[in-house]
Structure formats: structure tokens, C-alpha cells
Amino acid sequence: MKKIISTTLFPLLIFFIIHSCNSTQKKSSFLNLTELDKIENIIKKAIDENYIPGAVVLVAKNNQVVYKKSFGIKNPETKDNYQVDDIFRIASMTKAITSLGVLKLWERKLIGLDDPIENYIKEFKNAGILDKFFPKDSSFTIKLTKNKITVRHLLTHTSGLGYGLIDGNPKMKAIYEKEKSKFMPQGVLGFSDSDVTIEETIRRMAKMPLHHEPGERYTYAIGIDVLGYLIEIISGQTLSEFLEKEIFKPLEMKDTYFYIPEEKKNRLVPILTKKEGKWSFFNDARYNVDYPVEGAKKFLSGGAGLSSTVEDYFNFLSIFLNDGTFKSTKIISQSTNQLIQKDQLIKITNISDLGLGHGLISGIIREGDVLKGAKESKGTIFWGGYFNTSFFADPKQKIIGIIYKQTQVTSETSFDSFKQIIYGALQN
């Protein structure tokens, strides 16, 4: 009798032990979908209070989209509503994509992160820091740098380059204003409908003065545009061709482009701004806001030129929460993915002034940020774009949040409220 009980119960006992262990190991946080419904409240409130005309949002957990919705009116003339598959100008959110392309070349040992950029673009050999500026004619002198500008400096905005006409330094703005017709007729390096290539632009821009010694300070810069041109030099392809082959196609990013094809151009949302309290179409004398569908369609800005959907950008971000893979396809190695989530600005002298960390593709949440109350986990990557698009991807909690708006000359905090609700919905 004892033998019968022993042989009958033993396998059952083992099953319960294994099942119990597996349940403990797999136990993880989840998002309360009822709590996520509060996103609708904060977006509609922002619309009702006239802070934004509308938005498209996406939330994902454990590589699954759990919330995706559109709100508001995107066209004040036709009264068309935002749609979840609308295409938005993502501007500086392009930087993370181009930077990933650079890291793929690095993984293949085609470049080194600490290679001087002058090894590939000879005009950088005489890089110099602004020494004297003469306001009368915006002429200047430089002093040669001690350090060489490296690929890593360009990835992390520590090269000493600035951002030309949208630079915070008035002397630099004046210098670029004087020179703009030589390398960018509209004066904006980032997005353009001009008949100019990034090769022409970067080779001319390389002769402009630097803000500071490379590697010693952080200055938000056009360095990723330089790296977009580096990708063309190393790969022998246009930046558009390289990104399509290496990133967009493997990640099923079917609606991400520098220049949107004719059959999809009606999905590009307009940029809006407020005039006398009403939402109106935005125009800028410096550039054609409809650059993704008009003009020469020639300039490929690795730092700001792409347009995309929330779904496509989710696919892109998902690899950083999944050891560098997408649907079992390895995009980057696990070790590269881990490196991406580490702050590169530890030794930068003005880091205390910045209030941020920066990895190899984007901003990074640091341990100190968490201690100060940041809701995101250490290693979370984040960034935003000039036309009011934002994202974060938390590798510990396996959460992605994306919010797309398309506005200019506005001030609002819907992204912060969006994040608060997502983390408030997190439960064990």
C-alpha cells in the first residue's frame, strides 16, 4: 500500500514543485489596463484646455502593444481626426536610428568608436575652437584643438560642434547665418527640401568653429548628421538605402522615410501652432515645413530628417528591451544593447548643469536620477523631437511609451502626465 501511494504521488509532487518554482521565476509586473484608460482623460483635458490639438499614443509591455489610440483634430480646415497610423515628422528621434546604424558598423569592426572622424572626413583635420569673433562682419579666428573629434564624441554630443542657426550661442548663430548659403540655402541643418547632399553640407560645415575642446563638455549638436554621412562613406550606400536594409526592413518599419512616397503623403499630419487662440497651420521662413513630401528630396539628415508612425517606432524601441532582437531576428548583440543603456557622460565637466545622462543613441536615466525620484528605471532610454514627439523605453520594467504630437511654438506637459499614468498603472 505504501509503495502504491509513493509511486502515485511522487510524480505529482514533483510537478507541483516545478510548477511552483516556475511561477515564482516568471512572476513580474504588469500594467493595469483600467488605469491606462486615464491616458484618455489627460489627453482630452490638454485638448479641451487648448494646450494641444491632438495626439497619437502607444504603450507597450513585454513586447506587446497594450494601448494605442488617437485623439483630436489634426487638420483645422478639413476637421480630419488624428489616426493611429498617421505619419509624423519625428525630427531628433531620428538620431537614435542613425546612431544604431553607426553601432552596427562598429559591431562589424568597420569603424572604431574612438576613431578620429578626420580619418574618414579629412576636413575635420583642422578643427578649431572659436577664439575671436568680430561682430562687424561675423568673421572669426580659431585655435586648433588638442583632442581629435571621435565617433564617440559625435554620438554623445561632446564633439564641440553646435547646431548652427538654432544654436544657443549668438556668435555661432551669426557665423552660420553668414555662411548658410554655402552649405544649406535655407539655413537649417536637420530637415530641408533643398537640392543639396549631406556630403556637400558636412564637408563645408566641418570648417566651422567648435564651442569647446572635444570630449570635455556636452553641447547638443549636429554630430549625428556627420555620422549619417560617415555611414554613407563606409557602406557605399545612401543613408536612406542603408537604414532601409539594416533597420527598417528587418524591424518591419513600413512607414518610416526621409521622403514619404506619393501613395502615403496624405498620411503626413500638418504642423500646427496657435494664432489668436486657434490652431492654424505653422510656417517657418527658414525651411519648408512640408519637406517630407516636397522639394528636391535629396538631403538625408541623420539627425532630424525622418518621419514615422508610433507603431514603427515601437518596433525600433522593442529591440532594446529584448536583448537586441526583434521577433527572433538579431539586430545587435546583447553586449552592444547593454552598452547602449550605459551613461557615456560620467567624465564630462558640465554634466551637473545638464540634468541628464546620455548613452550611445539617446538620453539615459542614471542611478542618480532614480534616487532623485525619476519613475523610470536606470538604463531607460528616452528622447524627443522638435515637432513635439517623445518616447521612453524602460529595459527593467519592459515598458515603452510613445506620444506623437505635431506642434510648434507651444508649451505643454502632456508627455510628463502620460509617463506618470503608465508608471501608476504598473502593478505586481
Side-chain angles (χ1 to χ4, degrees), residues 36-60 65-94 191 193 248 252-284 287-295 297 304-316 384-391 401-415 417-418 421:
L36 286 183
D37 286 339
K38 292 179 181 178
I39 291 172
E40 182 168 350
N41 297 336
I42 60 113
I43 299 297
K44 286 188 173 180
K45 185 174 186 290
I47 293 171
D48 291 342
E49 295 180 353
N50 214 29
Y51 288 116
I52 60 173
V56 176
V57 302
L58 180 148
V59 181
V65 175
V66 296
Y67 189 97
K68 183 170 68 170
K69 200 165 184 178
S70 60
F71 305 90
I73 294 173
K74 65 184 174 185
N75 190 318
E77 291 186 355
T78 64
K79 306 300 182 185
D80 288 341
N81 293 322
Y82 281 97
Q83 304 295 322
V84 292
D85 66 344
D86 279 339
I87 299 175
F88 290 72
R89 302 160 190 80
I90 62 171
S92 285
M93 284 171 57
T94 303
F191 24 81
D193 66 347
F248 301 157
E252 300 176 12
M253 298 171 68
K254 300 176 182 178
D255 292 314
T256 302
Y257 305 95
F258 284 104
Y259 297 104
I260 301 168
E262 184 71 20
E263 66 273 16
K264 295 184 179 182
K265 71 177 186 179
N266 290 335
R267 289 167 55 195
L268 177 69
V269 304
I271 305 170
L272 301 182
T273 191
K274 276 192 288 189
K275 295 179 181 178
E276 299 179 351
K278 295 183 179 180
W279 291 105
S280 306
F281 298 125
F282 173 78
N283 290 294
D284 194 308
Y287 64 95
N288 177 5
V289 298
D290 291 323
Y291 63 86
V293 294
E294 294 182 356
K297 301 182 180 181
L306 289 173
S307 297
S308 189
T309 61
V310 293
E311 187 80 32
D312 273 14
Y313 214 84
F314 158 69
N315 286 0
F316 170 70
Y386 185 64
F387 302 109
N388 209 355
T389 58
S390 304
F391 76 86
I402 304 169
I403 182 166
Y404 279 7
K405 293 156 282 182
Q406 203 80 151
T407 58
Q408 272 290 283
V409 198
T410 59
S411 178
E412 49 89 20
T413 59
S414 54
F415 181 55
S417 301
F418 174 64
I421 288 174

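As the structure is a computational prediction, the values presented were derived from the model and not from experiment. Residues take their numbers from the sequence shown, with the count starting at 1.
Of all non-hydrogen atoms in G54 and K405, the two that sit nearest each other are O-CG, 3.4 Å. The two residues E40 and Y67 make their nearest non-hydrogen contact at N-OH, 3.7 Å. In this structure, V289 and P292 approach most closely via the heavy-atom pair O-CD, 3.8 Å. In this structure, R89 and I271 approach most closely via the heavy-atom pair NH1-CG1, 3.4 Å.
How far CD1 of I90 is from CD of Q406: 10.0 Å, rounded to the nearest 0.5 Å. With rounding to the nearest 0.5 Å, the separation of OG in S390 from CD1 in I402 is 10.5 Å. One finds the CG atom of L306 at 4.0 Å from the OG1 atom of T94 (value rounded to the nearest 0.5 Å).
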Q. Does the pair I39 and V57 meet the rule for a side-chain contact (heavy atoms from CB on, under 4.5 Å), with working shown?
A. CA-CA 9 Å; I39 291 172; V57 302; 4.1 Å; yes
Q.
Walk me through whether V84 and Y404 qualify under side-chain contact (heavy atoms from CB on, under 4.5 Å).
A. CA-CA 10 Å; V84 292; Y404 279 7; over 6 Å; no
(Q) Show, in sequence, the C-alpha distance, side-chain angles and deciding distance for L272 and F281, and conclude whether the side-chain contact (heavy atoms from CB on, under 4.5 Å) test is met. (A) CA-CA 5 Å; L272 301 182; F281 298 125; 3.7 Å; yes
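Atom OH of Y51 sits in a sparse spot, with 12 or fewer heavy atoms from other residues, nucleotides or ligands closer than 6.0 Å. By the 6.0 Å contact criterion, NZ on K297 is enclosed, its count of non-hydrogen atoms from other residues, nucleotides or ligands being greater than 12.
Residues F387 and F191 bring their aromatic ring centres within 6.0 Å.
A salt bridge does not link D85 with K68: every distance from a Lys NZ or Arg NE/NH1/NH2 to an Asp or Glu carboxylate oxygen is 4.0 Å or more. Note on E311 versus K254: no salt bridge recorded, every NZ/NE/NH1/NH2 to OD/OE distance being 4.0 Å or above.
Ring geometry for Y82 against F88 counts as parallel: the plane angle stays under 30°, on a 0 to 90° scale with 60° as the upper cut.
Between the side chain of D290 and the main chain of V293, no donor-acceptor pair closer than 3.5 Å is present. The backbone N or O of D255 lies less than 3.5 Å from no partner atom in the side chain of R267, so there is not a single donor-acceptor pair. Under the 3.5 Å distance criterion, the side-chain polar atoms of T273 are matched with a main-chain donor or acceptor of Q408.
Identified under the side chain to side chain donor-acceptor pair (under 3.5 Å) test for residues 274-283, with sequence neighbours left out: N50-W279.
S414 and S417 share no donor-acceptor pair across their side chains, judged by distance under 3.5 Å alone. A donor and an acceptor atom, one from each side chain of K264 and Y257, are located under 3.5 Å apart. Using a 3.5 Å distance cut-off with no hydrogens or angles, the side chains of N315 and E252 do not pair a donor with an acceptor. One side chain, N388 or E412, offers a donor N or O that lies under 3.5 Å from an acceptor on the other.
No side-chain heavy atom of T410 sits less than 4.5 Å from a side-chain heavy atom of I52. Counting heavy atoms from C-beta on, the side chains of F391 and I403 never come closer than 4.5 Å. Looking only at side-chain heavy atoms (C-beta outward), I260 and S307 come within less than 4.5 Å of each other. Under the 4.5 Å side-chain criterion, counting only non-hydrogen atoms from C-beta, Y287 is not in contact with D193.
Every residue two or more places apart in sequence or in another chain that forms a side-chain hydrogen bond (donor to acceptor under 3.5 Å, both in side chains) with T256 is listed here: S308, D312. When the side-chain contact (heavy atoms from CB on, under 4.5 Å) test is applied to N81, the partners found at least two apart in sequence or on another chain are I73, Q83.
When each of Y386, Y313, F316 is checked for a side-chain contact (heavy atoms from CB on, under 4.5 Å) with M93, only Y313 meets the rule.
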